[in-house]
Amino acid sequence: KVSSDRLSSVIDTVNDRKLPPELRGQRNNVRSETDIINVVEQRVWHAMEEGQFENLPGKGKPLDLTSNPHVDPAEDTLYRILNKNGCAPEWIELNKEIRNSVASWRLALKKAWVHYNNKGDHSHDSKWLKSSEALKLQLRDLNNKVFRYNLIVPFGRQMLGFKWEREVDRLKEELQETDK
C-alpha cells in the first residue's frame, strides 16, 4: 500500500510537470486537453501582442522545404538523391501507375455504360456482358497492383481496393449529376 501510494505520487508529480506552469498544482481543475490548449493559445497571443514574433530569423524569406524534419534523416537523404537523379521509390511510381490506370479504366467503364444505356432495346446485353467481364478482369489486375502497393508503401499511406459495384454506383451518381 505504501509503495503504491509513493508510485502514484511520483506519477502525479511527473504528470503535473507536463502541464503549463499556470496549471501546475491544479490537476483536479484541468478538465480536458482543451484547458491546456487554451493556456497555450493565451501565451501565443500574449507573445504576439508584445511583438516577440517580429524579429524571428528568416522573417520574410521563403521556407526551406528541401528537407522534411519529420522524416528519418537517412531516408530523407536517400529520397533527395533519388529525386535529383530522376528516380523515385518503387511505391511512388506504382502509385502513379495505379492512378493513371484507374482513370483510364473509369473512362472505359463510362463509355461502355453510356453505350449500353443509350440503346432503347437491351438486345445487345451480350455485348455489355463481354465488356463488363473484360472490365472486371482489369479491375482485378488493378486490385492486385493496389495490394502490392500496400505491401511496400510506408505505413499510413495504404490505399483501398476497388469494387465493381461501388464503381458502377459512383458512375451512376456522376452521370446523374451531369444530367441535372
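Within the model, atoms CD of Glu93 and OH of Tyr149 stand 12.0 Å from one another, a figure rounded to the nearest 0.5 Å. To the nearest 0.5 Å, atom CD1 of residue Ile98 and atom CG of residue Leu142 are 7.5 Å apart. Going from atom CD1 of Ile92 over to atom CZ of Arg157 covers 7.0 Å, rounded to the nearest 0.5 Å. Taking CG of Asn143 as the reference point, atom CG of Leu139 lies at 5.0 Å (rounded to 0.5 Å).
Taking the side chain as every heavy atom from C-beta outward, Trp113 and Ser131 never approach each other to under 4.5 Å. Side-chain atoms of Trp45 and Gln42, non-hydrogen and from C-beta on, never get closer than 4.5 Å to each other. Inter-residue side-chain proximity for Leu175 and Lys110 is flagged as met; some heavy-atom pair is nearer than 4.5 Å. Put simply, the side chain of Asn150 does not reach to within 4.5 Å of the side chain of Trp91, judged on heavy atoms. You'll find the side chain of Arg106 reaches within 4.5 Å of the side chain of Phe162, heavy atoms only.
Using a 4.0 Å cut-off between charged side-chain N and carboxylate O, Arg148 and Glu90 make a salt bridge.
At distances below 3.5 Å, at least one donor-acceptor pair connects side-chain atoms of Gln158 with backbone N or O atoms of Gly156. Between the side chain of Trp128 and the main chain of Ala112, no donor-acceptor pair closer than 3.5 Å is present.
For Glu54, the salt bridge (Lys or Arg N to Asp or Glu O under 4.0 Å) criterion is met by Lys59, not counting sequence neighbours. Here Arg140 pairs with nothing under the side chain to side chain donor-acceptor pair (under 3.5 Å) rule; sequence neighbours left out.
Within 6.0 Å of the CZ atom in Arg80, the count of heavy atoms belonging to other residues, nucleotides or ligands exceeds 12. Within 6.0 Å of CG on Asn85 lie more than 12 heavy atoms contributed by other residues, nucleotides or ligands. Within 6.0 Å of NZ on Lys136 lie more than 12 heavy atoms contributed by other residues, nucleotides or ligands.
In the hydrophobic clustering of ILVMFWY residues, with side-chain heavy atoms under 4.5 Å counting as a link, Val102 and Leu137 come out apart. Under the 4.5 Å side-chain heavy-atom criterion for grouping Ile, Leu, Val, Met, Phe, Trp and Tyr, Leu107 is not connected to Leu135 through any hydrophobic cluster. Taken together through direct or relayed side-chain contacts under 4.5 Å among Ile, Leu, Val, Met, Phe, Trp and Tyr, Leu151 and Leu160 form parts of separate hydrophobic clusters.
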>> Is there a side chain to side chain contact (heavy atoms under 4.5 Å, CB included) between Trp164 and Asp169? Walk through the geometry before answering.
In response: CA-CA 9 Å; Trp164 174 259; Asp169 290 343; over 6 Å; no
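Between Lys145 and Ser101, the shortest heavy-atom distance links the atoms NZ-OG, 3.9 Å.
A donor-acceptor pair shorter than 3.5 Å can be found between the side chains of His46 and Glu50.
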